[in-house]
Amino acid sequence: MRQRDYKMVEVVNVVASGSLGVELDLEAIAGDLDDIVDYDPDNYPGAYFRFGDSAPLITLYRTGKYIVTGASSEEEAHTTREDFLNILTDHGILPSAEDEWFRVQNYVCMSQVGENLNLSALAIGLGLEVTEYEPEQFPGLVFRPSDHDCVLLVFGSGKVIITGATSIPAADEAFDSLRKHIEDLFS
DNA sequence: TGTTGAAACACTAATAAGATACAGTTTG
DNA sequence: CAAACTGTATCTTATTAGTGTTTCAACA
């Protein structure tokens, strides 16, 4: 297998979810953990947990299900979850074994193809049925490859956002595929 | 008309780049 | 004193989980 000499994807956001397997009284929890929990059921049914100013956010629901958003690595998602579970156990909420369901649902990654791109030409080259490009609405080209389970946003600067991937290798392969397409089309 | 279901919206994180809005400052 | 300019903020696109409410469709 040939050595990769190009830039791989950089993870910028991780979304993960799990379940405590217990029904909860969010009102009581929010009252108990006033300093780290925000809860406004009139506005949204989830209770927001945040450990620090720029730390990832955990949204906890009545059913015991929860979502971690804003982590910049899978490891950070896991450590945030551990902090969350520790706080809950300290307050007498014991998660059931069902919490093994914790899993990353979405990776948002960034990369760069290393050249400025003509997005109108790229849309035609990749195929109009798999691309959306309306620069008056949004400056990025939306690429939904048929052979990869994620979506790529491609910009004129050559920067690329890969979103919807459930693993880093999947994001990397999708980006690599796009990179090869661009290489074939413009050289 | 009542029921049922589906869909869309409320929210959150993060990134890209372009338009637009508005505040504040500098210049003629 | 008004026009010009700079800086900041918010919105556009996509993705994903979750629950509650609302809206709208179809059917009996």
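Order of the sequence lines sets the chain letters (A, B, ...), proteins ahead of strands, with each chain counted from 1.
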Is A:Val15 touching bases, backbone alone, or none of the nucleic acid, heavy atoms closer than 4.0 Å?
-> base
How about A:Asp40: does its CG atom have over 12 heavy atoms from other parts shown lying under 6.0 Å from it?
-> yes
Report yes if a side-chain nitrogen or oxygen of A:Ser157 is closer than 4.0 Å to either non-bridging phosphate oxygen (OP1 or OP2) of B:dA17; otherwise report no.
-> yes
Keeping the roles fixed (side chain from A:Gln112, backbone from A:Gly114), state whether a donor-acceptor pair exists under 3.5 Å.
-> yes
Report yes or no: does A:Asp176 contribute a side-chain atom to a donor-acceptor pair with the main-chain N or O of A:Asp172 at less than 3.5 Å?
-> no
Classify the nucleic acid contact of A:Thr166 as base, sugar-phosphate or nothing, counting any heavy atom under 4.0 Å across all strands shown.
-> nothing
Contact boundaries of DNA chain C with chain A (under 4.0 Å, heavy atoms), 5' to 3'?
-> C:dT12 to C:dG20
Fit a plane to each ring of A:Phe49 and A:Phe51, take the angle between them on a 0 to 90° scale, and name the class: parallel (under 30°), tilted (30 to 60°) or perpendicular (over 60°).
-> tilted
Between the two end axes of the helix from B:dT1-C:dA28 to B:dT15-C:dA14, each built from 5 base pairs, what angle do you get to the nearest 10°?
-> 40°
Spell out, as yes or no, whether a donor-acceptor pair under 3.5 Å connects the side chain of A:Asn106 to the backbone of A:Gly164.
-> yes
With sugar-phosphate meaning primed atoms plus P, OP1 and OP2, does A:Val108 contact a base, only sugar-phosphate, or nothing at under 4.0 Å between heavy atoms?
-> base
Residues A:Gln105 and A:Thr166: closest non-hydrogen pair is O-CG2, 3.5 Å
By nearest-heavy-atom nucleotide on DNA chain B, the more 5' of A:Leu153 and A:Val14 is A:Val14
Same cluster or not: are A:Phe155 and A:Val12 linked, directly or through other Ile, Leu, Val, Met, Phe, Trp or Tyr residues, by side-chain heavy atoms under 4.5 angstrom apart?
-> yes
Return yes if some donor-acceptor pair links the side-chain N/O of A:Ser177 with the main-chain N/O of A:Glu173 below 3.5 Å, else return no.
-> no
Using a 4.0 Å heavy-atom cut-off across all strands, classify A:Arg103 as base, sugar-phosphate, or nothing.
-> nothing
Between A:Tyr66 and A:Phe84, ring centroids under 6.0 Å = yes
Mind checking the P distance from B:dA16 to C:dC5? Whole angstroms is fine.
-> 28 Å
Identify whether any heavy atom of A:Ile161 sits under 4.0 Å from a base atom; if not, whether one sits that close to sugar-phosphate; answer base, sugar-phosphate or nothing.
-> base
